[in-house]
Amino acid sequence: MTVNELTLVPQDVLNLDGLLSPEELLLRGTVRDFVNERIRPNIATWYEDAHFPLELVPELGKLGVLGMHLKGYGCPGRSAVEYGLAAMELEAGDSGLRTFISVQGSLAMSAIHKWGSEEQKNEHLPAMARGEKIGCFGLTEPTAGSDPSSMATFAEPDGDGGWVINGAKRWIGLASVAQIAIIWANTQEGVRGFIVPTDTPGFVATPIGSKLSMRASIQCDIRLDTVRLPATALLPGARGLSGPFACLNEARYGIIWGAMGAARDSYETALEYSKERLQFGKPLAGYQLTQEKLVNMLLEIQKGTLLALHTGRLKDAGALEPVHVSVGKLNNVREAIDICREARTILGGNGITLDYSPLRHANNLESVRTYEGTDEVHTLILGQHITGISAFRQG
Ligand SMILES: Cc1cc2nc3c(=O)[nH]c(=O)nc-3n(C[C@H](O)[C@H](O)[C@H](O)COP(=O)(O)OP(=O)(O)OC[C@H]3O[C@@H](n4cnc5c(N)ncnc54)[C@H](O)[C@@H]3O)c2cc1C
C-alpha cells in the first residue's frame, strides 16, 4: 500500500490528509499494515473466545507504540499526533488492543515517566517500551469509580521506611498478566502512587468474566491484603489526585482518536456491504435512506477526526488543557457509538454476527464511554467550565 492510498477517512472530502506530514502518513501506514496483518484476521475469534493476544505485546513494542509519545528511557519519543494516529488505527482493529497501549503507555508508563525517580524510570521504562514488561494502573475501586477521592485503599508506613497497603481495586486493565501495578492509595498525607510488583505476597488479581464489551482484553479485580513494599516503591513526584489525573488525561487524549478509528471501520464495512447487497432489485447503497445514513456517518467521522487532529496539534504545542480533552472524549465517543450502531442497521441480520465489525465496535465503545471519565463526568467538567459552578456534588 502506498502513502497516497491511505486516508484518514475514506472519501476524505475535506482532505484532512492534507493536514498531515509525510512522516505522519508513513507512521499511520505502518500501524495500519500491522492491524491488517496481525489483528483483523483473528479479532472475531479472540472476541468470541474472550482472549487477549499476549503474544502481540512484544510485536507492539517493536512497532514502537508502547509509551509512544514519551521521551528518553528507551521510549519512542513520537509526537502526540503520531500517537493519536496509531491509536486510531489500532482501534479500527479493536478497542481492546488500543486499550492495551493506553494502559501500558499512557497510564502505567506515563505515571513512572511523570512521577518516578531516575532509578524507577531506568528500571521499568525501557523494558515496558519493548513490551517485555507489562504494567497496569489501579485507581478505580469497588466503591470508588467516578469519584476517586472516596478511595478506601490505604497505605501506612511500616516503621522501617517501607509501606503496607490494604484495599481493593476493580476494573484494572491487564492486572492478571502485568508484572507491575501502579497502585494509588490514600495515606496520612493524601493520595500517593506505588509501583507494586504483582508477585508481591498479598497482591491477587482476578479477571472479571461474563463481559459483553472489551472481550479481547482483560480487566480485573485486585485484592491488596497486607502488601509490604520497600520505600523505593513510592512514586516520589505524585502527591494528591493530580498524580493519577495527569495520567488519565494522557489516556483520554488517545481515546479522542481511537473512537474515530472504530467509527471509521464501521462506516467502511457498511459502505462496502451496501454496495454489494441487493434488495428490491438494486444495491442498498442506491436507496436514499441508506445514503443519508452513510453521509451522516461520514460527516461525523470527518468532524471527529478534525477535532482529534486539533487536540493533537494543541498537545504538541504544549497548549492542551484538560477541558479540551473533555470536549474531544465526550464528543467523539458519543458520536462513534451512534455511527457503529447505524452501520449495524445497514448490515441487517448479518450485522449481529462477529463476521462484521460494527456491533463489536459499538459494544466495545460502551466501555470506552464509561472509562476515563463517563459522559456524565465530562459533561459536568464542561458544565463547570461554562458556568463556573461545580455540579459534581449536590448541596
Ligand atoms: C473496560 C474497562 C476498563 C477499565 N480500566 C480501568 C483501569 O485500567 N484502571 C482503573 O483504575 N479503572 C479502570 N476502569 C474503571 C472506570 O474508570 C470506571 O468504570 C469509571 O470511572 C466509572 O466508575 P464506575 O464504573 O464505578 O461507575 P459509577 O461511578 O458508579 O457511575 C455510574 C453512573 O453514575 C454516573 N454518575 C456518577 N457520578 C455522577 C454525578 N455526580 N452526576 C451524575 N451522574 C453521575 C456515571 O456517569 C455513570 O453513568 C475500567 C472500566 C472498564 C469498564
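Quick caveat, the model's predicted, so the values are computed rather than measured. Residues take their numbers from the sequence shown, with the count starting at 1. Just so you know, ligand 1 is whichever comes first in the structure, and atom 1 is the first atom listed for that ligand.
Scanning the protein heavy atoms around atom 26 (O) of ligand 1, the nearest turns out to be Gly145 CA, 3.3 Å. Closest to atom 36 (N) of ligand 1, if we only count protein heavy atoms, is Ser146 OG, 4.4 Å. Looking from atom 12 (N) of ligand 1 to the surrounding protein, the closest heavy atom is Thr140 OG1, 2.7 Å. Taking atom 3 (C) of ligand 1 as the reference point, the nearest protein heavy-atom neighbour is Tyr371 CD2, 3.3 Å. Scanning all protein heavy atoms for the shortest distance to atom 5 (N) of ligand 1 gives Trp171 O, 2.8 Å. What sits closest to atom 40 (C) of ligand 1 on the protein, heavy atoms only, is Leu380 CD1, 3.8 Å. The closest protein non-hydrogen atom to atom 41 (N) of ligand 1 is Phe392 O, 3.1 Å.
The existence of a salt bridge linking Glu141 and Arg170 is excluded, since no basic side-chain nitrogen approaches an acidic carboxylate oxygen closer than 4.0 Å. Between Glu366 and Arg341 a salt bridge is recorded (basic side-chain N to carboxylate O distance below 4.0 Å). Contact check on Lys303 versus Glu300 returns a salt bridge, with a Lys/Arg side-chain nitrogen under 4.0 Å from an Asp/Glu carboxylate oxygen.
Listed by first and then second residue, the ring-ring contact (aromatic ring centres under 6.0 Å, His included) pairs that reach into residues 171-216 are Phe137-Trp184, Trp163-Phe194, sequence neighbours excluded.
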Please list, one pair per line, the donor and acceptor atoms closer than 3.5 Å that link side chains of residues 289-299 to other protein atoms, with sequence neighbours excluded.
from, atom 1, to, atom 2, distance (Å)
Thr290, OG1, Leu284, O, 2.9
Gln291, NE2, Ala285, O, 3.0
Lys293, NZ, Thr345, OG1, 3.1
Asn296, ND2, Glu292, O, 3.4

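In this structure, the side chain of Thr305 engages the main chain of Ile301 through a donor-acceptor pair within 3.5 Å.
Contact annotation: for Asp147 versus ligand 1, there are no heavy atoms closer than 4.0 Å. When heavy-atom distances to ligand 1 are checked against a 4.0 Å cut-off, Thr370 comes that close through both its backbone and its side chain.
Of all the atoms in ligand 1, the ones that sit under 4.0 Å from a non-hydrogen atom of Phe137 are 7 (C), 8 (O), 9 (N), 10 (C), 11 (O).
If you check the side chains of Tyr73 and Glu123, you find no donor sitting under 3.5 Å from an acceptor.
Between atom 43 (C) of ligand 1 and the options His378, Glu376, Lys169, the minimum heavy-atom separation is to Glu376.
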